[in-house]
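In what follows, a structure is listed as structure tokens, so that the remarks can point back to it.
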Amino acid sequence: MEKITAQKGTKYLLPAESYRWQQLERALQQTVAAYGFKEIRLPTFEATELFTRGVGETTDVVGKEMYTFNDKGGRSITLRPEGTAGTVRAVLEHGLLAGALPVRAYYLQSCFRYEKPQSGRLREFHQLGIEMFGAAEPQADVQVIAAAAACIRAAGLKKVELQLNSIGCPHCRPKYHAALREYFAGHIDELCDTCRARLERNPLRILDCKSPICSAIAKGAPLMREYLCEDCRDHFAKVRAGLANIGIPYVENPTIVRGLDYYTRTVFEFVHTGAGAQGVVCGGGRYDGLVEELGGKPTPGIGFGMGIERLLMVMEAEGVEFAPDRTPDLYLCSMGEAGRALAERIAAALRERKLWAETDLMGRGLKPQMKYANKIGAQYVVVLGEDEVATGRAKLKRMADGAEIEIELAALARDGLAAVTAGFEKEEA
């Protein structure tokens, strides 16, 4: 029978590597919690309209990459391609904007996009995102960017550069769109089919095209900063000043537009510059019109998304070290039915103390059990046979150096491993 393999663009997280994910996720969660963000968990699928309205019909995400299907009720459903639109829907549906502002939320979740799998990019990928609603001040931009920078530091990355831009607001962007249309109209025969369709609907999307020809043409396009209104110029200046005030370095990159239509004003990316690991590890910005677009009252918003797979990839490229994976605290070798029963009772007592205690589940002999204990990296081993059951005492072996001490088994079960391992220090003294 033919084996069933994983779908293209998906990847298993195997037990031998899951500790690295867990360490990174804990570090990221602790970091964003220090900025006041609390977890939100979103549905894996939503009504397709949420993304066509929120993310934008002219984006590659909506136009080419969404996993969309009709359910048994005939409703158009889409696996979430990102987290911001779903968070806005949840905030509106549950009236969170009626509470204390700003609303702060973070998520750690899988997302789905049908695109060409490549290094650090999968069709099912995982993302940390934070979202803030209700704060229009430039200092909110600074705080969200600072949270992203703190996450980068928590991941141990050093070769990362913050790139910053402003893409204006609905008041000044129409003039910029007109300038872009005029510029790209002169190259219409060279543009790809997708960008020719974008020319009238949303010329800003052409700047984000991955086609080498379109990208080369876009390098000569007008820059948004030349068309910013006074309010947007002032907002952007205060963001830059705020970052300088708390010591976060940045470079201005006037070509950043981000890949989703909901962005306004401040947009940013953290770009890894190390050899062999170039790419965006975090991106975000303002979306002041999104809440209104999805049926709420005008409410400012800002956030970012950070890919876990991409973070792990660049951490590996930089040689970031993880704490060693946990190994069993104690392996209880057993001989005979009485020894096996005693091993299970002691293991159960230790597990109540959140200690990792292992016993034989394979019916192995003593020598194979010792080999297994060594293979799984058990820190201590005790052997329980007829004599140990009868006397209530046994030899505890420290696997790191082979040292042994005699212990009371009742004390081990009652007081835990630390209480009896103190005997090693007495022996060595």
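Side chains are part of it too, since the values below use all heavy atoms of this structure and drop only hydrogens, waters and symmetry mates.
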Checklist outcome for this item: Separation between OG1 (Thr327) and CD1 (Ile376), nearest 0.5 Å, reads 8.5 Å
Checklist outcome for this item: Scanning both residues in full, the closest heavy-atom pair of Met132 with Ala140 reads SD-CB, 3.8 Å
Item to check | With Glu39 via side-chain contact (heavy atoms from CB on, under 4.5 Å) - residues at least two apart | outcome: Arg41, Tyr106
Checklist entry - Yes or no on side chain to side chain donor-acceptor pair (under 3.5 Å) for Thr266 and Ser166, after CA distance, side-chain angles and deciding distance? => result CA-CA 4 Å; Thr266 306; Ser166 176; 5.7 Å; no
Item to check | Geometric class of the Tyr263/Tyr287 ring pair [parallel <30°, tilted 30-60°, perpendicular >60°] | outcome: perpendicular
Item to check | Spacing of Leu180 atom CG and Met224 atom CE [to the nearest 0.5 Å] | outcome: 9.0 Å
Checklist entry - What pairs with Arg89 under salt bridge (charged side-chain N to carboxylate O under 4.0 Å, His left out), at least two apart in sequence or on another chain? => result Glu46, Glu93
Next on the checklist: Is it the case that atom CD in Glu161 sees more than 12 heavy atoms from other parts of the structure closer than 6.0 Å?
Outcome noted: yes
Checklist entry - Can you check whether Tyr331 and Tyr372 have ring centres sitting under 6.0 Å from each other? => result yes
Checklist entry - What pairs with Trp21 under side-chain hydrogen bond (donor to acceptor under 3.5 Å, both in side chains), at least two apart in sequence or on another chain? => result none
Checklist entry - Hey, is the main chain of Ala419 close enough, under 3.5 Å, to the side chain of Asp415 for a donor-acceptor pair? => result no
Item to check | Pairing residues for Glu269 by the salt bridge (charged side-chain N to carboxylate O under 4.0 Å, His left out) criterion, not counting sequence neighbours | outcome: Arg258
Next on the checklist: Are there over 12 heavy-atom neighbours, none belonging to Phe45, within less than 6.0 Å of that residue's CZ?
Outcome noted: no
Checklist entry - Can you tell me how far CD1 of Ile256 sits from CD of Gln163, rounded to the nearest 0.5 angstrom? => result 5.0 Å
Item to check | Straight-line distance of Leu350 CG to Arg345 CZ, nearest 0.5 Å | outcome: 13.0 Å
Next on the checklist: List the residues meeting salt bridge (charged side-chain N to carboxylate O under 4.0 Å, His left out) with Glu252, not counting sequence neighbours, and say none if there are none.
Outcome noted: Arg240
Item to check | CD-CG distance between Gln127 and Leu108, expressed to the nearest 0.5 angstrom | outcome: 9.5 Å
Checklist entry - Under a 4.0 Å N-O cut-off, is there an ion pair linking Asp288 with Arg265? => result no
Checklist entry - Is the number of heavy atoms from other residues, nucleotides or ligands under 6.0 Å of Glu226 CD greater than 12? => result yes
Item to check | salt bridge (charged side-chain N to carboxylate O under 4.0 Å, His left out) partners of residues 171-183, not counting sequence neighbours, each pair once | outcome: Arg181-Glu200
Checklist entry - Hey, mind stepping through Glu137 and His235 against side chain to side chain donor-acceptor pair (under 3.5 Å) and telling me if it holds? => result CA-CA 8 Å; Glu137 293 299 310; His235 186 98; over 6 Å; no
Next on the checklist: Please identify which of these residues, Val88, Leu92, Leu97, meets the side-chain contact (heavy atoms from CB on, under 4.5 Å) condition with Thr299.
Outcome noted: Leu97
Next on the checklist: Donor-acceptor check, side chain of Gln23 to backbone of Ala323, threshold 3.5 angstrom: yes or no?
Outcome noted: yes
Checklist entry - Hey, what's the ring geometry for Phe270 with Phe268, parallel, tilted or perpendicular (30° and 60° as the breaks)? => result perpendicular
Next on the checklist: Any side-chain to backbone donor/acceptor pair from Glu309 onto His126? Under 3.5 Å, distance only.
Outcome noted: yes
Next on the checklist: Using a 6.0 Å distance limit plus a 45 degree cone around the ring axis, check whether Arg123 lies over the aromatic ring of Tyr114.
Outcome noted: yes
Item to check | Side chain proximity check, Val281 to Val160, heavy atoms < 4.5 angstrom | outcome: yes
Checklist entry - Any donor and acceptor pair, going by atom type alone, linking the side chain of Arg113 with main-chain N or O of Glu124 inside 3.5 Å? => result no
Checklist entry - If you count the non-hydrogen atoms of other residues, nucleotides and ligands that lie under 6.0 Å from CD in Glu352, is the total more than 12? => result no
Checklist entry - If you round to the nearest 0.5 Å, how far is CZ of Phe184 from SG of Cys209? => result 9.5 Å
